[in-house]
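Note on naming: letters A, B, ... go to the chains in the order of the sequence lines (proteins, then strands), and numbering restarts at 1 for each one. Note that these values count all heavy atoms, side chains included, but never hydrogens, waters or copies made by symmetry.
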There are 2 protein chains.
Amino acid sequence: MRKTIFIFGALVVALLTLFQLSTYSLVSGNTSIEFIIAGIAIVFFIIGVIINKKVLHKYKGITKEIDHKKIETLGLSKREYEVLCEIALGLSNKEIAQKLFVSESTIKTHVSNMLVKLDAKRRTQAIQIAKEFQIIPL
Amino acid sequence: MRKTIFIFGALVVALLTLFQLSTYSLVSGNTSIEFIIAGIAIVFFIIGVIINKKVLHKYKGITKEIDHKKIETLGLSKREYEVLCEIALGLSNKEIAQKLFVSESTIKTHVSNMLVKLDAKRRTQAIQIAKEFQIIPL
DNA sequence: AAATCACTCATACTAAAGTATGAAATTACC
DNA sequence: GGTAATTTCATACTTTAGTATGAGTGATTT
């Protein structure tokens, strides 16, 4: 909230500055009009991109960077997290076992421990919870 | 691909047109410079927003509108689709049955039919496939 | 050296998920 | 009114998922 207000304020200031500069340059006549227009165009293009990103950020949990801190907080081990990711890709325990070169028993152990740590009853629920925590890629 | 090229082409044309118009107005001197600059600013702001959206679209499956046409193409019935959505929320067959006021057998039938139509072997895989097809909300 | 932790694996069990088949009721459409 | 598709349900079965328990190994820490 505070950030948004600050950014908007900065933008307004930048806008006014640009206007001032452009009229100034025109009066003094030592800068070509095309240059000014191009500058303004580029600045507002960038502003558009930034604002759009901000809005999308607020609206949904996009840009999806993985929350590594959350993974630690949950106490998920490296292997458990790997298994979780494979589950989210729709693999069975057997398939995960082959992919990670371990036995299916091992995968079952990891899955079981992971489910407890995520407080999930099923692997499908684990996927949903992991998505909410933003600990797996969309 | 084709679309992207077309859009970029249109943007370039719009850009050039704006430049032409702005210099024209200046020469004839019947439009204030502030107006032109404001216009250019707005146009490029919008262009920035649009391009950002497009890029994000390509990069990830964002903006997430459900592809109803795809659902039809796959031949998913209303009930099968409902069940698919509940599965994506992490519910078990029994829970889905209670939520939709039908027996577990019914849910199993729907799930089985749905899996065939999505060409999935497991419900977790169905979730992944459905996400790729953008037929379920993120 | 002892303790702790993550990873590995196995066995045995229970619970869920998924398949196959058949069938009745409902809805929709021509 | 008949036909097709959907929805519903059941039974029996196979497969996968998940739990519980115990145990061995290697790396790290105290």
Side-chain angles (χ1 to χ4, degrees), chain A residues 66-133 135-136, chain B residues 66-133 135-136:
Chain A
I66 288 163
D67 191 346
H68 296 283
K69 291 170 193 169
K70 189 72 190 176
I71 296 173
E72 272 192 48
T73 306
L74 292 168
L76 282 177
S77 74
K78 201 189 300 177
R79 252 347 197 187
E80 284 160 4
Y81 178 68
E82 277 184 290
V83 170
L84 172 60
C85 290
E86 301 299 335
I87 285 175
L89 293 176
L91 300 190
S92 69
N93 289 338
K94 196 176 287 182
E95 287 169 338
I96 297 171
Q98 290 169 347
K99 197 167 178 179
L100 301 184
F101 304 106
V102 292
S103 78
E104 197 183 337
S105 314
T106 306
I107 301 301
K108 282 189 178 186
T109 306
H110 288 321
V111 171
S112 213
N113 293 333
M114 178 270 289
L115 289 178
V116 172
K117 290 175 183 176
L118 280 188
D119 194 28
K121 288 173 193 159
R122 285 164 292 282
R123 45 172 55 208
T124 49
Q125 200 181 3
I127 295 173
Q128 178 66 16
I129 291 170
K131 278 197 291 181
E132 281 171 13
F133 284 161
I135 59 177
I136 54 171
Chain B
I66 289 162
D67 191 347
H68 295 283
K69 292 171 192 168
K70 189 72 192 175
I71 297 173
E72 271 193 45
T73 307
L74 292 168
L76 283 177
S77 75
K78 199 188 302 177
R79 246 359 192 181
E80 284 160 3
Y81 178 68
E82 277 184 290
V83 170
L84 173 60
C85 291
E86 301 300 336
I87 285 175
L89 293 176
L91 300 191
S92 69
N93 288 338
K94 196 175 287 181
E95 287 169 339
I96 298 171
Q98 290 169 346
K99 196 168 179 179
L100 300 184
F101 303 106
V102 291
S103 77
E104 197 184 336
S105 314
T106 306
I107 300 301
K108 283 190 177 185
T109 306
H110 289 321
V111 171
S112 213
N113 293 332
M114 177 271 288
L115 288 178
V116 171
K117 290 175 183 176
L118 280 189
D119 194 29
K121 288 173 194 161
R122 284 165 293 282
R123 47 172 55 208
T124 49
Q125 200 180 3
I127 295 173
Q128 179 66 14
I129 291 170
K131 276 196 293 180
E132 280 171 14
F133 284 162
I135 59 177
I136 55 171

To the nearest angstrom, how far is [X] atom [atom1] from [N] atom [atom2]?
X	N	atom1	atom2	result
B/I107	D/dT6	CD1	C1'	14 Å
B/L118	C/dG18	CG	C1'	15 Å
A/K78	D/dA27	NZ	C1'	12 Å
B/F101	D/dT7	CZ	P	17 Å
B/Y81	D/dT7	OH	C1'	19 Å
A/E82	C/dA6	CD	P	15 Å
A/L76	C/dC5	CG	P	16 Å
B/M114	C/dT19	CE	C1'	14 Å

Exercise for the section: Applying side chain to side chain donor-acceptor pair (under 3.5 Å), run through B/S103 and B/T106 and close with a yes or a no. Expected result: CA-CA 5 Å; B/S103 77; B/T106 306; 3.1 Å; yes

Handout entry: Closest listed nucleotide, where the reference is the side chain of A/R79 and the choices are D/dC9, C/dA10, C/dC7
Key = C/dC7

Exercise for the section: Could you check if a side-chain atom of B/V111 sits within less than 4.5 angstrom of a side-chain atom of B/I96, using non-hydrogen atoms only? Expected result: no

When you compare the protein's N or O atoms with those of nucleotides 15-23 of chain D, which come within less than 3.5 Å of each other, and at what distance?
residue	atom	partner	partner atom	Å
D/dA17	OP2	A/N93	N	3.1
D/dG18	OP1	A/R123	N	2.8
D/dG18	OP2	A/R123	NE	2.8
D/dG18	OP2	A/R123	NH2	3.4
D/dG18	N7	A/K108	NZ	3.4
D/dG18	O6	A/K108	NZ	2.7
D/dT19	OP2	A/S112	OG	2.5

Ignoring backbone atoms, establish whether [X] has a side-chain N or O less than 4.0 Å from OP1 or OP2 of [N].
X	N	result
B/H110	D/dT6	no
B/S77	D/dT6	no
A/S103	C/dC9	yes

Exercise for the section: In plain terms, say whether B/K69 and B/E72 are close enough for a salt bridge, that is, a side-chain N and a carboxylate O under 4.0 Å apart. Expected result: no

Practice task
Examine the side chains of B/R79 and B/N113 and answer whether a donor and an acceptor come within less than 3.5 Å of each other.
Solution key: no

Handout entry: B/E95 (side chain) donor-acceptor with B/L91 (main chain) under 3.5 angstrom
Key = no

Exercise for the section: Could you tell me whether the side chain of B/K117 and the main chain of B/G75 form a donor-acceptor pair under 3.5 Å? Expected result: yes

Problem - Heavy-atom pair of closest approach, residues A/L89 and B/Q128 - result: O-CG, 3.9 Å

